[in-house]
Amino acid sequence: SQQGEEDPQALSIQEGENATMNCSYKTSINNLQWYRQNSGRGLVHLILIRSNEREKHSGRLRVTLDTSKKSSSLLITASRAADTASYFCATGRNTGKLIFGQGTTLQVKP
Amino acid sequence: EADIYQTPRYLVIGTGKKITLECSQTMGHDKMYWYQQDPGMELHLIHYSYGVNSTEKGDLSSESTVSRIRTEHFPLTLESARPSHTSQYLCASSENGRGGKTGELFFGEGSRLTVL
């Protein structure tokens with residue numbers, strides 16, 4: 001992987017349950033972003049957390065960032081079948097480039 | 001909906017053909033990017049541009065080339081396609097962040113290329 005690992009690689013849950021995905025990275029960053037990708041489509045930005053922030057919320061999404069451990073987590077609460085997709089973390093550097101992780105494939109069963 | 005468009009969405013061609021994947025955005029973004037993604041895998045940055053007449057190679061070596069003659073247009077060209085070029089190519093753009101930092105990327109729907 002260019003940057004780090006996402007864990008788990010695949011996750012299958014029932015509708016209404018919470019889904020947690022983790023992302024680790026290797027170098028210093030100025031922000032970390034999460035994206036969603038439906039099968040065969042482009043990516044859609046979900047949330048951005050800056051390196052000086054520890055937690056951020058957006059609707060049913062909660063993102064945490066621990067720069068000492070070089071890790072982040074994405075929590076989706078009360079999941080829905082429509083949340084079925086792949087989720088990618090991406091780290092932003094001062095170079096202006098965004099480096100993506102390997103992604104977690106989430107399946108939410110109705 | 002992001003105002004960034006890629007054509008074609010799907011392309012099947014024979015080995016040795018020249019192809020151009022088009023990418024256009026109407027948001028006035030200076031920064032544009034091309035990522036390559038195999039099914040179920042991570043995205044790899046292959047080209048990026050920070051403005052007109054500025055292009056750089058990304059982290060993954062690619063035989064493709066790009067040009068940036070107009071702010072809104074960032075086409076990718078393969079002079080002689082091979083089966084190893086079969087992949088999905090995703091174009092993205094972003095605003096200029098303060099201090100060169102990278103903000104949110106807006107992605108097109110992707111161009112899925114199959115070379116026979």
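Here is the naming used below: chain letters follow the sequence lines, and residue numbers restart at 1 for every chain.
By the criterion of side-chain heavy atoms lying less than 4.5 angstrom apart, applied directly or through intervening Ile, Leu, Val, Met, Phe, Trp or Tyr residues, A:M21 is grouped together with A:I47 in one hydrophobic cluster. Residues B:L45 and B:M41 do not share a hydrophobic cluster, clusters being chains of Ile/Leu/Val/Met/Phe/Trp/Tyr side chains in contact below 4.5 Å. Hydrophobic clustering (ILVMFWY, side-chain heavy atoms < 4.5 Å, transitive): A:I13 and A:I76 are in one cluster. When hydrophobic clusters are built by joining Ile, Leu, Val, Met, Phe, Trp and Tyr residues whose side-chain heavy atoms come closer than 4.5 Å, directly or via intermediates, B:L78 is grouped together with B:I13.
At least one side-chain heavy atom of A:Y35 sits under 4.5 Å from a side-chain heavy atom of B:L105. The shortest side-chain heavy-atom distance between B:Y48 and A:K97 falls under the 4.5 Å cut-off.
The backbone N or O of A:G103 sits nowhere less than 3.5 Å from a side-chain atom of B:E42 that would complete a donor-acceptor pair. Distance alone, capped at 3.5 Å, places no donor-acceptor pair between the B:Y35 side chain and the A:F100 backbone.
Neither the backbone nor the side chain of A:Q9 comes within less than 4.5 Å of any heavy atom of chain B. Of the atoms belonging to B:E104, heavy atoms from both backbone and side chain fall under 4.5 Å from chain A. The contact between B:Q37 and chain A is made entirely by side chain atoms (from C-beta outward), counting heavy-atom distances below 4.5 Å.
Counted within 6.0 Å of CD1 on B:I69, heavy atoms from surrounding residues, nucleotides or ligands total 12 or fewer; the atom is thus considered open. The environment of A:R60 atom CZ is dense: over 12 non-hydrogen atoms of other residues, nucleotides or ligands sit within 6.0 angstrom. Surrounding NZ of B:K17 are at most 12 heavy atoms belonging to other residues, nucleotides or ligands under 6.0 Å away.
Nearest heavy-atom pair, A:L43 versus B:F107, reported as atom, atom and distance to 0.1 Å: O-CB, 3.3 Å. Closest approach of A:R41 to B:L90, counting heavy atoms only: O-CD2, 4.3 Å.
Rounding to the nearest 0.5 Å gives a distance of 6.5 Å between CD of A:Q37 and CG of B:L43.
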